[in-house]
Amino acid sequence: MSPRLKSLVLLLAVLVGAAVWHAGTWTRRPDVPPAATGETWVPEDGEALSLPEDLRQGVKGQERTLVVGHRLRYTFDLDVRTSTQHVDGTREQAHTGWSGLLELTYLGAEGEQHLFSGLVVPTRVDLEGGEPAPPRDDVLRALQAMFERPMYVAQESRGRVVAVHFDAAQDAMARRLVRRLLAATQFVAEDGTRWSTEESDTRGDFESEYRAGGSANTYVKTKRRYLRASSPVLPRLQGHLAFTLFTDGHVREAVGSDVVELGGADAKRPRVREETRVALINVGVDYQLSSLRPFQAARATLHPERLPASAAPRASHERESVRGETLKDLLRRMATRKNRDAIHSRLAALFHQDAGEVNQAVELIRRGATDEVRSEQVLEALASAGTPEAQRALTSVLEATQVRPKTRAHAARAVGEMERPTLLLADALSRALEEEPDAAVRDAAALSMGALSKALELSEPGRSKALLEELLRSCRSGIPAPKVCLSALARAGSPLGMAYVKSALLHPDATVRGAATDALRAIPGASADVLLDHVMLNDPSAQVRTLAVKAVAHRVATAHLEALAQALRTERSERVRIEVVRLLGALQEVEAPARALLHDVAQYDTSGNVRALASALLGE
């Protein structure tokens, strides 16, 4: 080897060694002193969060390690104290609390849901205030007897509780206590160390914010504001919950409280303050033989409920309401086109109590003995009745080729309004979508398939997913049209439709992109938020950009503040900026940046209309 070549090799070796040493100084883990106290550190708004490598946050949500038979055991304490100040100045106090042991065992996945078997052993129960309660020991023994049989908890991949399937022995009070416990301790995850998401409690759907804490696998959840609630006036909300997770992503501990306030804004409403305190502490982890078979065997006897308080049930169809009236009498009254709602209610009551009248109504429709208006009302009343006979009647009309296509389309639409559809109806819609020659009937069937997929989500998650996948296959084949498919996916509100919706955002027709934007509004998760921001800032149509802003208004808005600020700077359309300002006006009480943005708009926007709206929302 020549001297010159030796020198080059030596120089190269020196450079490589220096590079390796330099890289090592930047990858070395810093020493982290142990925490001086047991307090959880929460970063302030806007503070950059930088965790040392050995404090990186662990897996969360859809990254959880889910193994069939994995059982988590907890102790829990939940107390709800309610104070009501009436308009006349009197006060009422109420306290509901319970403690005990909770076991959650993973059974497997069905459709898009993860199912857990839940066993509760109550050790304390307090019911104070309101009507006189039975002795505490009697209530506790009754509650323990109710929970000798399991309940089943359904979660989506991010950890949000979709439904709780209760045994028939568990009464309304027991179900309410469980829903409150699960709502108060659920952990809904997205990527990153800080995120906002939508979840539910017994009052409705609310926005929550999560931040990584000061040690590995710790997070703090802050409840921000209600998006939708069972009460006509949105409650005021504040609360914090500290979580510690296992390294596999499951909740280890949850401790905190939240306060909900209602009324008191005027002299006509009482002021209600409800404080909930909760503690959930893991006391053991093990494994046992498990599967979905017990849940599937008991499904017909279980009562699925969502976390939010159920809406007021429809009026029961009492015999007295239709005593002495027949189908012919009600059809004759329909001809006057007066009091349509009252006639519809009485017709539904008639179908609910008399299967013979159901058969007669179907026969009249099949023979074409009623006009389109009355046929439509009859079909809607059958859907409202919801009995097995009524559902079979709707199926027979949908599949009767001799019936006018317009009437069959009415039948398909009515199926989508069913509160508790059977699998028979789902199969009938699938056949109509695949075999029906009339486009209007196929379109109506597609829309109802989306609605039925949502309706079956609680009781039949596997069938719900299969129905939606079948709809998507038809949409990809071009039947039905894209706008119809997107409207159906909006009704379904499932992440399964995300790929189709995303592709529709590239469609040359602005109306199709607008329908895709509406569908995004109903799809949960951060992926939909990212797409909505992209549409709001980049779509060539001002109308579609406006629809994106309106869609954001129905979702967790914290994730969109940066995009909203950018829209105010770059958006040329006055109409779009007006929608952004309206949205910021609704957020200014809970988001300080929203109010700051409104001040900037009020001073500097080029449009007098936009400046005036911002000033009005600020109260200036």
Side-chain angles (χ1 to χ4, degrees), residues 40 61 72-83 94-104 116 118 120-127 143 147 151 153-156 158-164 166 170 172-189 197-211 213 218-230 235-245 250-262 272-283 305-310:
T40 301
L72 297 152
R73 299 196 303 276
Y74 301 92
T75 61
F76 69 87
D77 287 281
L78 176 76
D79 285 275
V80 181
R81 298 184 182 275
T82 305
S83 173
H95 171 219
T96 299
W98 71 320
S99 304
L101 304 174
L102 169 66
E103 291 184 358
L104 290 174
F116 297 79
V120 180
V121 181
T123 57
R124 169 188 71 94
V125 61
D126 293 316
L127 300 174
L143 204 59
F147 285 112
M151 61 186 177
V153 181
Q155 293 183 355
E156 63 175 21
R158 299 176 303 146
R160 177 174 176 172
V161 177
V162 177
V164 188
F166 291 102
Q170 292 152 2
M173 180 193 71
R175 298 197 300 268
R176 184 170 61 253
L177 289 173
V178 168
R179 291 204 319 272
R180 278 182 166 173
L181 175 64
L182 294 175
T185 56
Q186 68 176 335
F187 185 95
V188 183
T197 188
E198 178 182 323
E199 48 189 296
S200 303
D201 61 13
T202 54
R203 290 187 181 274
D205 303 322
F206 62 89
E207 175 183 349
S208 57
E209 180 184 70
Y210 290 79
R211 299 182 184 183
T218 61
Y219 299 86
V220 175
K221 176 170 82 171
T222 303
K223 300 173 103 173
R224 305 297 301 276
R225 64 186 181 110
Y226 276 98
L227 303 172
R228 293 166 293 277
S230 55
R236 299 176 293 280
L237 174 63
Q238 58 180 335
H240 301 277
L241 197 68
F243 283 94
T244 303
L245 304 186
H250 293 279
V251 172
R252 182 172 185 171
E253 294 181 2
V255 180
S257 66
D258 64 75
V259 176
V260 176
E261 293 184 347
L262 268 171
V272 180
R273 185 182 188 274
E274 180 182 280
E275 181 178 7
T276 301
R277 296 184 179 181
V278 66
L280 183 76
I281 309 296
N282 183 269
V283 293
E305 293 186 11
R306 298 187 188 273
L307 284 188
S310 301

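- A salt bridge links Arg228 with Glu198: the closest approach of a Lys/Arg side-chain nitrogen to an acidic carboxylate oxygen falls below 4.0 angstrom.
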inquiry  = Assess the residue pair Arg252 and Leu245 against the criterion (side chain to side chain contact (heavy atoms under 4.5 Å, CB included)); give the C-alpha distance rounded to whole Å, side-chain angles, the decisive distance to 0.1 Å, and a yes or no.
reply    = CA-CA 5 Å; Arg252 182 172 185 171; Leu245 304 186; 5.8 Å; no

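- No side-chain donor from either of Arg306 and Ser200 sits under 3.5 Å from a side-chain acceptor of the other.
- Taken to the nearest 0.5 Å, the CG atom of Asp258 stands 11.0 Å off from the CZ atom of Arg277.
- With hydrogens and angles ignored, the 3.5 Å screen pairs a side-chain donor or acceptor of Tyr74 with a backbone N or O of Val251.
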request  = Tell me, with the steps shown, if Leu78 and Thr276 meet side chain to side chain contact (heavy atoms under 4.5 Å, CB included).
outcome  = CA-CA 7 Å; Leu78 176 76; Thr276 301; 3.6 Å; yes

inquiry  = Applying side chain to side chain contact (heavy atoms under 4.5 Å, CB included) to Asp201 and Lys223, what does each step give before you reach the verdict?
reply    = CA-CA 11 Å; Asp201 61 13; Lys223 300 173 103 173; 3.7 Å; yes

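- To the nearest 0.5 Å, atoms CZ (Phe76) and CG (Leu101) are separated by 7.5 Å.
- The distance from the CG atom of Leu177 to the CD atom of Gln170 is 11.0 Å, given to the nearest 0.5 Å.
- Closest approach of Gly256 and Leu241 over heavy atoms only: N-CD1, 3.3 Å.
- A salt bridge is absent between Glu275 and Arg81; no separation between the charged side-chain nitrogens and carboxylate oxygens falls under 4.0 Å.
- With Ser99 as the partner, the side-chain hydrogen bond (donor to acceptor under 3.5 Å, both in side chains) test is satisfied by one option alone out of Asp126, Thr75, Asp77: Asp77.
- Considering all non-hydrogen atoms of both residues, Leu143 and Trp98 come closest at CD2-CE3, 3.9 Å.
- When all heavy atoms of Val260 and Pro235 are compared, the pair lying nearest together is CG1-CB, 3.5 Å.
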task = I would like to know whether Phe206 and Arg224 meet side chain to side chain contact (heavy atoms under 4.5 Å, CB included); could you show each step before the answer?
result = CA-CA 7 Å; Phe206 62 89; Arg224 305 297 301 276; over 6 Å; no

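- Applying the salt bridge (charged side-chain N to carboxylate O under 4.0 Å, His left out) test to Arg176 and every residue at least two apart in sequence or in another chain returns nothing.
- In this structure the side chain of Glu305 never reaches within 4.5 angstrom of the side chain of Val178, judged on heavy atoms.
- Between Glu156 and Val162 the shortest heavy-atom distance is N-CG2, 3.6 Å.
- Using a 4.5 Å cut-off on side-chain heavy atoms (C-beta onward), Leu280 and Phe243 make no contact.
- Using a distance-only test at 3.5 Å, with no hydrogens or angles considered, a donor-acceptor pair links the side chain of Asn282 to the main chain of Arg73.
- Gly97 and Asp79 make their closest contact through CA-OD1, 3.6 Å (heavy atoms, listed as atom of the first residue, atom of the second, distance).
- Looking only at distances, no side-chain donor or acceptor of Arg225 sits under 3.5 Å from a matching main-chain atom of Glu207.
- Listed for the Arg179 side chain is a donor-acceptor partner under 3.5 Å among the backbone atoms of Leu307.
- You'll find the side chain of Arg180 reaches within 4.5 Å of the side chain of Thr96, heavy atoms only.
- The shortest side-chain heavy-atom distance between Leu181 and Leu102 falls under the 4.5 Å cut-off.
- Lys221 places a side-chain N or O within 3.5 Å of a backbone atom of Gln186 that can act as its donor or acceptor partner.
- You'll find the side chain of Arg203 stays beyond 4.5 Å of the side chain of Leu237, heavy atoms only.
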